[in-house]
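Heads up: the structure comes next, in structure tokens.
Predicted, not measured: the structure shown is a model, and the values here were computed from it.
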Amino acid sequence: MNSLTVEDLGKRYYLGRQTRSARARATLDLGFATVPLPWGKKAPLRELWALRHVSFAVRPGTILGVIGPNGAGKSTMLKILARVLRPTEGRVVGRGRVVSLLELGAGFNPDMSARENIFMNAAMLGIPKHEVDQRLDAILDFAEIGQFLDSPLRHYSSGMYLRLAFSVAINMNPDILLADEILAVGDIGFQERCLQRVEEEGKKGLTVLFVSHDMAAIARLCHQALWLRQGEAVQLGDATTVVAEYQSEARETLLASANATGEDRVRQSNRFLELVAIRLVSADGRVIGAAPIAEDFYIRIRVRITRPPVRLHASVDMYMKNIHVFRSAQPEPVAIDERGIYDIAVKVPANLLAETGYTVDVHLQQEAGKTQVINIPDALSFMTYGSTYVSLYKGGVLMPQLEWSVTSLVAEAVEVRG
Amino acid sequence: MAGAAVAVHKPAKWVLTKDHGFHPVARVKEAWRYRRLVAFFASQAFSSLYKKTQLGILWVPLRPLVPLLIGTVVYGGLMNIPSTGVPYFLLLTVGFLAWNCFDGPWMWGSRGFELNRDLITKLYFPRMILPLSTMVPGFVEPTVNLAVALTAFIYYRVHEGVWYIQWGPRLLLAPLFLLAILFLAFSLALATSLYQVRARDVRFIIGYFLGFWMYLTPVIYPVTLIPLQWRWLVWFNPMAPLVEEFKAAIFGFPRPPAWALPLALCEIAVVFAAAFWHFHVMESHTADKV
């Protein structure tokens, strides 16, 4: 008996009709034929299959990782399973209570206390009050919010928010838990506890669908993994195998595009800000495609603030192949009170990187009021050049210029000679 | 305990497809399980009501009182609309009490999706809850009207020595007419809330529509103002028999013809069935298009 069976699932979106000007450009006519007449032939609707022909089955107790690049349909699939979206094709057969964590803090009201929010959240999952009464202690215990129980959620840090959200979800005794990238926030200690708890519940029959870009976590935590690409399932199988295949393909793509693209791949926005561009910039302000090792350069994140005030906390993760080289974050969030375009730049000092290819993930966390996170995996990929160690073996994920010294120690020298 | 629970635990099976099929009873049952959300969404809508206003809570009595006073002066005084033996102010207050059970709740209910736009793309819950619970701020005005009416009745008792209320068993029916009106408002809100979330114009259209509708309903005038040969036409508007029955129950006026009320109830049933079906069909695409 499977706990979740997905059969030929598909989700179609319509992107609207082609615009008149686009058609005019495409057909090179001068506009007569493009005047929209009610009886005229309408341009066809452009359609996009966010998900198509996806089939798989999961047994109770399985932790299934869902991986794939952005736009692969991972979140769409989770939303269908969470009943937020209706499928266009196919069907899903499941058993038991589904609890979803699609976005941190969805269904939480920042003006209400933790206690009120717990009851509210449970009500949104359709869970009777007496069940919540029984589990209140367990929820609070796991969330570790202690004396903040009765203070409004707006005073919570994003970590506390996450702990509360996760604790409510896992303690609602779900048969199926859907988690979308939610564990990416929060400190390592709590992530570990979440993963541990998920594992424990998995042994009792909990099925988990876990979307993440954190391949290490997928490989470590999941029994199986499903790899989606452009809405279609590429591979389903043992998590470590699928992750390895996915990573090797990602690496090939990177190498193929590594000829100094330096371009951002994604344009994203939320209700507070819009990401305009992510670029590599030289010390004198030019946009560059590859980074000189011997000079300082900048990773510049250009954002348009659409709804101030925001408190922006940016961080970058640098990867070489699939090794997480380092993370760097702004020491503290910056408050921005005016609309406009802002550049956030992080200086990568000269003589730090090795001569190889890197990819950068960018995270923008908006912390005023409701926390919102924009994650841009593979935001930038670039090669480095001009290593000063011309004749040496160049290895490692970093090749920092550290301070070296040679000191002569006479006494020892004498001993050796003796 | 957990181990035992797992052994006994046989989770119910569910299926998701393009069309879930139309199972009205199951839908209502499901909504009932989520009933605690009504209080939550209602309080959310309430807090959006007088937020960022200078007078704040003062608006609660002010908003229904102003039209009452203006209406009394304009319709009762200047236009001299007859009031069939009761002070015009009372006729208007009681009429508005019934009417405000309709226009406010419908307007508010149709904002259910719009006010919770963020949530519907992230969480599942029976969507029916939304128009139902955001109707609640619309209850404020009828409540104030009720208080005004009671005060006025007592005032006239003290100063003129007359009870304009017709004490009797029919008075007990009065709340039922208001309930029927609320139900009609809910049915309409069910249908319009799904459009409101896509185009906020809907709210303005409803506003014009309601203004027009009110003049078709004997709210600011007694139904006797309409010539007898045309009066039967009035009763086809489902609001007319309900408002008139309500007034009749309170003041002891002659009741509308016997067929008017059953007709109105049938009309409401049809409107509800159509709205419910329409809601079922439309609701499935809503999260895509918000």
Within the distance-only criterion (no hydrogens, no angle test), does the side chain of B:Arg36 pair as donor or acceptor with the backbone N or O of A:Ile127 below 3.5 angstrom?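 Yes, because the side chain of B:Arg36 sits within donor-acceptor range (under 3.5 Å) of the backbone of A:Ile127.
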Supply the atom-to-atom distance [X] [atom1] to [Y] [atom2], rounded to the nearest 0.5 angstrom.
| X | Y | atom1 | atom2 | answer |
| --- | --- | --- | --- | --- |
| A:Met120 | B:Ser43 | CE | OG | 8.0 Å |
| A:Asn109 | B:Gln44 | CG | CD | 4.5 Å |
| B:Leu123 | A:Lys79 | CG | NZ | 10.5 Å |
| B:Thr17 | A:Glu7 | OG1 | CD | 11.0 Å |
| A:Leu85 | B:Leu16 | CG | CG | 11.0 Å |

Search all heavy atoms of [X] against all heavy atoms of [Y] and return the closest pair with its distance.
| X | Y | answer |
| --- | --- | --- |
| A:Arg95 | B:Lys13 | NH2-CD, 3.7 Å |
| A:Val84 | B:Lys122 | CG2-C, 3.6 Å |
| B:Trp14 | A:Val98 | CZ2-CG2, 3.2 Å |

Heavy-atom distance under 4.5 Å to chain B: side chain of [X], backbone, both or neither?
| X | answer |
| --- | --- |
| A:Leu4 | side chain |
| A:Leu81 | backbone |
| A:Lys129 | both |
| A:Leu9 | neither |
| A:Ile176 | side chain |

If you count the non-hydrogen atoms of other residues, nucleotides and ligands that lie under 6.0 Å from CZ in B:Phe22, is the total more than 12?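 Correct, the count exceeds 12.
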Atom CZ of A:Arg115: over 12 foreign heavy atoms under 6.0 Å: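 At most 12 heavy atoms, drawn from other residues, nucleotides or ligands, come within 6.0 Å of this atom.
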Answer yes or no: is there an ion pair linking A:Arg83 with B:Glu30, defined by an N-O contact shorter than 4.0 Å?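 A salt bridge is present here (some side-chain N lies under 4.0 Å from a carboxylate O).
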Please identify, among A:Pro60, A:Pro87, A:Ser3, A:Gly94, the residue contributing the most non-hydrogen atom pairs under 4.5 Å to chain B.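 Going by pairs under 4.5 Å, I would pick A:Gly94.
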Would you sort out whether B:Tyr34 and A:Met124 count as a side chain to side chain contact (heavy atoms under 4.5 Å, CB included), showing the intermediate values? CA-CA 7 Å; B:Tyr34 286 79; A:Met124 283 190 191; 5.7 Å; no
